[in-house]
2 protein chains.
Amino acid sequence: MENARELFQIMTRRLGLLNKNCCTVGGCDLSPAHSHILYEVDRRHNPSMQQIAETLGTDVTTFSRQVQALIKMNLLQKTPDPSDRRVYTLSLTVSGKMAATTIDTQMNAYLDEVFSYMSEFEQETLLRSVKLFNEAMGKSSKCCAPVTG
Amino acid sequence: MENARELFQIMTRRLGLLNKNCCTVGGCDLSPAHSHILYEVDRRHNPSMQQIAETLGTDVTTFSRQVQALIKMNLLQKTPDPSDRRVYTLSLTVSGKMAATTIDTQMNAYLDEVFSYMSEFEQETLLRSVKLFNEAMGKSSKCCAPVTG
DNA sequence: GATAATATTTGCATAATGCAAGTATGAGCC
DNA sequence: GGCTCATACTTGCATTATGCAAATATTATC
């Protein structure tokens with residue numbers, strides 16, 4: 001396990017599995033895709049549908065349907081933007097906010113458990129490194145460019 | 001962007017998009033799922049179907065069909081295990097090996113580009129940290145346990 | 001040699017995806 | 001104002017992906 005790609009491949013695979021497992025929230029069984037949407041809407045301020053879809057790299061039509069599903073589950077709200085009536089603004093319902101928080105807590109709990117196998121110093125180094133890595137990816141123009149954050 | 005989950009969420013999203021983009025290899029347009037299979041078969045020695053499916057966290061029946069698709073694309077081979085005829089052993093064809101290598105190269109090239117926005121020291125620290133993190137996840141019993149490597 | 005366990009495949013029903021086309025609103029220009 | 005074009009979002013439709021239950025074939029157990 002020497003080259004960079006290898007390390008990241010294994011890591012993302014594991015985190016992906018984690019994502020699958022951590023999405024069961026109070027009866028509702030959220031797919032990773034749905035969980036990602038809640039996460040992203042939560043961290044933004046009244047984003048439009050298009051913005052979130054682009055950020056997540058999802059086709060808008062697929063995204064439209066995912067949003068419909070989340071609305072039906074009473075986790076998401078769609079509000080028409082008064083300044084441009086073509087646009088819909090997304091926000092979490094109370095249940096949606098709760099679901100997002102629960103998922104976040106579960107994920108962090110799992111990460112804490114993993115961190116227990118690392119020293120304090122190693123943890124901090126890891127988080128600092130990932131932060132720098134994210135920033136570097138943000139600067140890169142090659143691909144994955146639409147992802148902000 | 002302060003808690004651990006947040007950092008990893010953003011990172012995996014970006015790397016996921018990268019995976020999507022990097023899978024176009026010589027005409028063949030591989031899905032991330034297919035690419036993961038090639039990757040995993042490549043790094044193992046004649047694994048069984050079950051082993052790979054479990055490692056990737058995929059249902060065996062879904063996996064069986066993914067394998068069929070890759071065989072049809074002439075990237076993968078299925079050989080009956082002489083010592084247990086229930087078992088099929090997977091291996092890459094020459095084209096499959098080539099595809100896997102190409103993807104690996106593309107991914108590493110992209111990562112190199114990203115690394116250009118980081119200092120030598122930061123890169124090394126990142127890779128060392130991720131390695132430790134992977135090992136820690138391997139030790140964790142909570143979830144994602146089946147993933148070896 | 002009968003029964004249980006394992007590895008893989010197929011049937012089937014469901015869900016996810018994305019392109020093309022449709023609707024509704026806004027912007028630019030005469 | 002009114003025509004044309006661009007934009008934000010939704011629906012039709014065909015394709016693909018998914019997973020459970022059941023089938024098949026082989027091996028292990030007793």
Side-chain angles (χ1 to χ4, degrees), chain A residues 13 16-17 19-21 23-24 27-38 40-41 44-73 75-91 146, chain B residues 13 16-17 19-21 23-24 28-38 40-41 44-73 75-91 146 148:
Chain A
R13 179 197 300 164
L17 290 180
N19 236 327
K20 260 194 206 166
N21 292 344
C23 293
T24 313
C28 270
D29 207 14
L30 297 176
S31 72
H34 287 168
S35 150
H36 270 72
I37 295 174
L38 295 186
E40 193 59 25
V41 171
R44 298 252 199 143
H45 179 63
N46 290 341
S48 75
M49 309 215 8
Q50 192 123 171
Q51 283 172 338
I52 301 286
E54 190 167 326
T55 300
L56 299 180
T58 313
D59 186 275
V60 219
T61 71
T62 300
F63 185 74
S64 171
R65 276 181 267 254
Q66 290 171 338
V67 165
Q68 287 170 31
L70 287 168
I71 290 176
K72 199 169 286 174
M73 292 185 229
L75 299 173
L76 204 61
Q77 273 169 339
K78 220 172 62 178
T79 324
D81 182 337
S83 72
D84 183 343
R85 291 196 321 204
R86 290 169 304 178
V87 175
Y88 284 91
T89 271
L90 297 175
S91 58
Chain B
R13 179 196 298 164
L17 290 179
N19 237 325
K20 259 193 206 168
N21 293 342
C23 295
T24 313
C28 270
D29 207 13
L30 296 176
S31 72
H34 286 169
S35 150
H36 270 72
I37 295 173
L38 294 187
E40 194 60 25
V41 171
R44 300 249 201 145
H45 180 63
N46 291 341
S48 76
M49 308 217 7
Q50 192 124 174
Q51 284 172 338
I52 300 287
E54 190 167 326
T55 301
L56 299 180
T58 313
D59 186 275
V60 221
T61 72
T62 300
F63 184 75
S64 171
R65 275 182 267 255
Q66 289 171 338
V67 165
Q68 286 170 32
L70 287 168
I71 289 175
K72 199 169 285 174
M73 293 185 229
L75 299 173
L76 204 61
Q77 273 170 338
K78 221 173 61 180
T79 324
D81 183 337
S83 73
D84 182 344
R85 291 197 322 205
R86 290 170 303 180
V87 176
Y88 282 91
T89 272
L90 296 174
S91 58
T148 56

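What you see is a predicted model, and the numbers here were worked out from it, not measured in a lab.
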Between [atom2] on [N] and [atom1] on [X], what's the gap in Å once rounded to a whole number?
| X | N | atom1 | atom2 | result |
| --- | --- | --- | --- | --- |
| B:L90 | C:dT8 | CG | P | 8 Å |
| B:I52 | C:dT9 | CD1 | P | 14 Å |
| A:L70 | C:dA16 | CG | C1' | 14 Å |
| A:E54 | D:dT7 | CD | P | 12 Å |
| B:Q51 | C:dT8 | CD | C1' | 14 Å |
| A:F63 | D:dA8 | CZ | P | 14 Å |
| B:M49 | D:dA25 | CE | P | 17 Å |
| B:Q50 | C:dA7 | CD | P | 4 Å |

* **Side-chain donor/acceptor of A:K20 to backbone N/O of B:G57, under 3.5 Å** => yes

Over all atoms of both residues, closest heavy-atom pair of [X] and [Y]:
| X | Y | value |
| --- | --- | --- |
| A:L30 | A:L75 | CD2-CD1, 3.8 Å |
| B:Q66 | B:H34 | O-NE2, 4.0 Å |
| A:M49 | A:F63 | O-CE2, 3.4 Å |
| B:L90 | B:I52 | CD1-CG1, 4.2 Å |
| B:S91 | B:N46 | CB-OD1, 4.1 Å |

* **Passing candidate, side-chain contact (heavy atoms from CB on, under 4.5 Å) with B:T58, options B:T61, B:V60, B:L56** => B:L56

* Does OP1 or OP2 of C:dT17 have a side-chain N or O of A:Q66 closer than 4.0 Å? ->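 Checking A:Q66 against C:dT17: at least one side-chain N or O falls below 4.0 Å of OP1 or OP2.
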
* Give a yes/no on whether any side-chain N or O of A:K78 is located under 4.0 angstrom from OP1 or OP2 of D:dA8. =>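 For D:dA8, OP1/OP2 do not have a side-chain N/O of A:K78 under 4.0 Å.
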
* Select from A:V87 and A:Q68 the residue whose nearest nucleotide in DNA chain D is closer to the 5' end of that strand. => A:V87

Protein-nucleic acid N or O pairs under 3.5 Å, nucleotides 18-28 of chain C:
| from | atom 1 | to | atom 2 | distance (Å) |
| --- | --- | --- | --- | --- |
| C:dG18 | OP2 | A:T62 | OG1 | 3.1 |
| C:dG18 | O6 | A:R65 | NH2 | 2.8 |
| C:dC19 | OP2 | A:D59 | OD2 | 3.3 |
| C:dC19 | N4 | A:T61 | OG1 | 3.1 |
| C:dG26 | OP1 | A:R85 | N | 3.2 |

